[in-house]
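Structure record follows, encoded as structure tokens.
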Amino acid sequence: MASSTPQVITCKAAVAWAAGAPLVLEDVEVSPPQPFEIRIKVLSTSLCRSDLSAWESHAIFPRIFGHEASGVVESVGLGVTEFKEGDHVLTVFIGECMSCKPCKSGKTNICQVLGLERKGLMHSDQKTRFSIKGKPVYHYCGVSSFSEYTVVHSGCVVKVSPHVPLDKICLLSCGVSAGLGAAWNVADVTKGSTVVIFGLGTVGLSVAQGAKLRGASRIIGVDNNTRKCENAKSFGVTEVVDPNSYNEPIVQVIKRITDGGADFCFECVGDTDMITTALQSCCDGWGLTVTLGVPKVKPEMSAHYGLFLTGRTLKGSLFGGWKPKTDLPSLVEKYVNKEIEIDDYITHNLAFDDINKAFNLMKQGNCLRCVIHMPE
């Protein structure tokens with residue numbers, strides 16, 4: 001518990017003022033943490049494609065994006081007993097209250113109290129902790145890590161060892177965990193199976209890593225970005241398919257090269273038409289498609305009922321099915337023990353001042369993860 005009452009902090013944050021407009025480093029006021037909240041000094045934060053998608057299309061501005069982050073607890077609010085000043089932590093865009101019906105069910109990681117926050121406000125009081133000259137600046141996914149300091153609900157934070165490199169494990173806040181969990185928890189990929197992954201970004205390649213560790217015999221990556229295809233095999237992909245190289249629909253290609261369809265398909269693009277394509281690319285009888293992507297447009301999808309009548313299954317996945325507080329420590333431990341790979345997803349390390357460069361690199365498809373290092 002803090003020895004004195006926390007005060008407002010003025011610090012630098014990368015503020016998005018309009019859709020697609022360059023972020024501006026502004027002086028923002030960060031309020032003290034309220035009950036059951038903590039204020040974090042952000043040390044490392046990486047750019048996820050959902051940040052990019054929301055920046056390009058979201059209607060809530062001004063806003064501070066960023067949700068894959070690690071840092072140190074600066075102060076704690078009333079009622080917080082799990083954390084103290086100086087603790088090293090990971091932020092998570094969904095929480096785990098451990099007391100609601102879904103949390104106690106053991107069947108899901110979707111918390112009723114601390115679910116995905118879409119309004120740009122805090123879970124607890126539906127207000128913002130950021131302001132510029134008295135005017136509110138909105139949050140993103142309950143985290144807003146593109147700021148030197150941020151306030152997060154304590155249920156959306158996981159304590160980690162002070163000896164673990166924060167600039168690496170920040171990727172476990174979203175992308176790498178989401179992919180591994182989709183392969184392990186949601187699909188339960190089996191040894192000797194055939195896996196097809198649509199989209200070879202960080203999430204797709206994390207699915208590949210998870211499938212490889214489960215012993216899948218064929219891991220086919222589908223992407224039309226040749227730069228991503230070149231490096232895919234180092235993450236476990238055994239074959240790469242570029243849809244632009246064929247004069248037939250990609251579904252026909254997949255069904256032909258897999259003798260009727262894959263055991264498991266993963267949609268990691270964020271395109272509802274691609275969900276249908278993935279579902280069609282599964283085999284009859286037991287084919288399973290998992291969708292992980294967040295679509296920017298056309299959120300509704302359509303599929304012929306016959307696909308399900310013949311035994312295919314479609315499942316959604318949020319954060320790979322992991323319960324943040326319960327499960328993330330074990331993933332961190334796997335990284336420490338070199339059982340899972342994180343470092344190779346980091347293609348760029350950038351200073352906070354270069355955050356717009358990170359957005360441009362991802363927009364152009366020239367990176368996997370850019371880790372942004374905040375000022376000490």
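All values below were derived from every heavy atom in this structure, side-chain atoms included, with hydrogens, water molecules and symmetry-related copies excluded. For the single chain, residues carry numbers from 1 onward in sequence order.
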Which heavy atom of Leu121 sits nearest to which heavy atom of Gln126, and what is that distance? CD1-O, 3.3 Å

Nearest atoms (heavy-atom pairs only) where Cys100 meets Val113: CB-CG2, 4.1 Å

Drop me the distance from Leu90's CG to Cys156's SG, to the nearest 0.5 angstrom. 13.0 Å

Verify the cluster assignment for Val24 and Leu350: are they in a single hydrophobic cluster under the rule of side-chain heavy atoms below 4.5 Å apart? no

With a sphere of 6.0 Å drawn around OH of Tyr138, does it hold more than 12 non-hydrogen atoms of other residues, nucleotides or ligands? no

Hey, any chance Val196 and Leu180 share a hydrophobic cluster, counting ILVMFWY side chains that come within less than 4.5 Å of each other, even indirectly? no

Between Phe146 and Phe352 (judged by ring centroids, cut-off 6.0 Å), do the two rings come close enough to count as a pair? no

Which heavy atom in Cys97 sits nearest to a heavy atom in Cys103, and how many Å separate them? N-SG, 3.6 Å

Report yes if the side chains of Ser124 and Phe36 come closer than 4.5 Å at any heavy-atom pair, otherwise no. no

Is it true that, when you exclude Lys334 itself, more than 12 heavy atoms of the residues, nucleotides or ligands shown sit nearer than 6.0 Å to its NZ? no

Do Arg312 and Thr289 touch side chain to side chain, with heavy atoms closer than 4.5 Å? no

Once ring pair (Phe, Tyr, Trp, His ring centres under 6.0 Å) is applied, do any residues pair with His153, and if so which ones, sequence neighbours excluded? none

For a 4.5 angstrom cut-off between non-hydrogen side-chain atoms, does Lys119 reach His139? no

Sub-4.5 Å side-chain heavy-atom contact between Asn225 and Leu200: no

Assess whether side chain to side chain contact (heavy atoms under 4.5 Å, CB included) is satisfied between Glu82 and Lys325, documenting all intermediate values. CA-CA 11 Å; Glu82 183 184 355; Lys325 288 183 179 294; 3.0 Å; yes

Are Phe130 and Phe61 connected into the same hydrophobic cluster when the rule is that any two of I, L, V, M, F, W, Y join if their side-chain heavy atoms are below 4.5 Å apart? yes

Checking the side chain of Lys107 only, and the main-chain atoms of Pro102 only, is there a donor and an acceptor separated by less than 3.5 Å? no

Is there a donor-acceptor pair closer than 3.5 Å between any side-chain N or O of Ser144 and the backbone N or O of Ile64? yes

So with a 6.0 Å cut-off around NZ of Lys357, is the heavy-atom count from everything else above 12? no

Could you go step by step and tell me if Val72 and Ile40 meet the side chain to side chain contact (heavy atoms under 4.5 Å, CB included) rule? CA-CA 6 Å; Val72 176; Ile40 299 168; 5.9 Å; no

Is it the case that the side chain of Tyr345 and the backbone of Gly175 share a donor-acceptor pair, with hydrogens and angles ignored and the cut-off at 3.5 Å? no

So NZ of Lys101 and CD of Gln112: to nearest 0.5 Å the spacing works out to 8.0 Å

Shortest non-hydrogen contact from Thr291 to Ile275? OG1-CD1, 3.4 Å

Would you say the side chain of Glu26 lies within less than 4.5 Å of the side chain of Trp17, judging by non-hydrogen atoms? yes

Exceeds 12 heavy-atom contacts within 6.0 angstrom, atom CZ of Arg118: no

State whether Lys41 and Glu74 are salt-bridged, where the test is any N-O pair (Lys NZ or Arg NE/NH1/NH2 against Asp/Glu carboxylate O) under 4.0 Å. no

Using the side chain to side chain contact (heavy atoms under 4.5 Å, CB included) rule, take Lys315 and Leu288 through it: C-alpha gap first, then chi angles, then the decisive distance, then the call. CA-CA 8 Å; Lys315 299 181 75 171; Leu288 170 64; 3.6 Å; yes

Considering all heavy atoms of both residues, which atom of Val158 and which atom of Pro324 are nearest to each other, and what is their separation? CG2-O, 3.5 Å

Under a 4.0 Å threshold between the charged nitrogen and the carboxylate oxygen, would Glu239 count as salt-bridged to Arg218? yes

Can you tell if the side chain of Glu85 reaches within under 4.5 Å of the side chain of Val76, non-hydrogen atoms only? no

To the nearest 0.5 Å, what is the distance between CG on Leu361 and CG on Asn356? 11.0 Å

Side chains of Gln34 and Arg129 in contact at under 4.5 Å (non-hydrogen atoms): yes

Side-chain donor-acceptor pair under 3.5 Å between His88 and Ser70, yes or no? no

Mind checking whether Trp184 and Val195 sit in one hydrophobic cluster, side chains of I, L, V, M, F, W, Y counted as touching below 4.5 Å? yes

Looking at the rings of Phe319 and Phe93, which for Trp means the six-membered one, are their centres under 6.0 Å apart? yes

Could you tell me whether the side chain of Trp286 and the main chain of Gly311 form a donor-acceptor pair under 3.5 Å? no

Return yes if some donor-acceptor pair links the side-chain N/O of Trp55 with the main-chain N/O of Ala21 below 3.5 Å, else return no. yes

I'd like to check the side-chain hydrogen bond (donor to acceptor under 3.5 Å, both in side chains) partners of Ser154; sequence neighbours left out, ordered by chain and number. none

Indicate yes or no for a side-chain donor-acceptor contact from Arg39 to the backbone of Pro33 under 3.5 Å, with no hydrogens or angles considered. no

What distance separates Leu47 CG from Met362 CE, expressed to the nearest 0.5 Å? 4.5 Å

Quick one: are Asn366 and Asn360 in side-chain contact, heavy atoms under 4.5 Å? no

Verify whether one side chain among Glu96 and Thr326 offers a donor that lies under 3.5 Å from an acceptor in the other. yes

Please determine whether side chain to side chain contact (heavy atoms under 4.5 Å, CB included) holds for the pair Ile346 and Leu171, giving the CA-CA distance in whole Å, both sets of side-chain angles, and the decisive distance to 0.1 Å. CA-CA 9 Å; Ile346 302 171; Leu171 272 65; 3.9 Å; yes

Do Tyr140 and Phe65 pass the ring pair (Phe, Tyr, Trp, His ring centres under 6.0 Å) test, and can you show the C-alpha distance, the side-chain angles, and the key distance before you say yes or no? CA-CA 5 Å; Tyr140 180 66; Phe65 289 110; 5.0 Å; yes

Under a 4.0 Å N-O cut-off, is there an ion pair linking Glu29 with Lys133? no

d(Ile250 CD1, Ser281 OG) to nearest 0.5 Å is 7.5 Å

Residues Asp167 and His373: side-chain donor-acceptor under 3.5 angstrom: no

Using a 6.0 Å cut-off, check whether atom NZ of Lys298 has over 12 heavy atoms from anything other than its own residue. yes

So, are Asp188 and Arg214 salt-bridged, with charged N and O less than 4.0 Å apart? yes

Rounded to the nearest 0.5 Å, the CD1 atom of Ile169 sits from the CD atom of Glu68 at a distance of 12.0 Å

If only atom types and distance count, is the side chain of Ser53 paired as donor or acceptor with the main-chain N or O of Ser50 below 3.5 Å? no

Give me the atom names and distance for the closest heavy-atom approach of Ile219 to Ala208. CD1-O, 3.7 Å

Residues, nucleotides or ligands: over 12 heavy atoms within 6.0 Å of Asn244 CG: yes

Does Glu341 reach the main-chain N or O of Asp344 with its side chain, forming a donor-acceptor pair under 3.5 Å? yes

Joint cluster assignment, Met122 & Val15, ILVMFWY side-chain distance < 4.5 Å: yes

Quick check: does any side chain N or O of Glu333 sit under 3.5 Å from a backbone N or O of Asn337, one acting as donor and the other as acceptor? no

Keeping the roles fixed (side chain from Ser177, backbone from Ser173), state whether a donor-acceptor pair exists under 3.5 Å. no

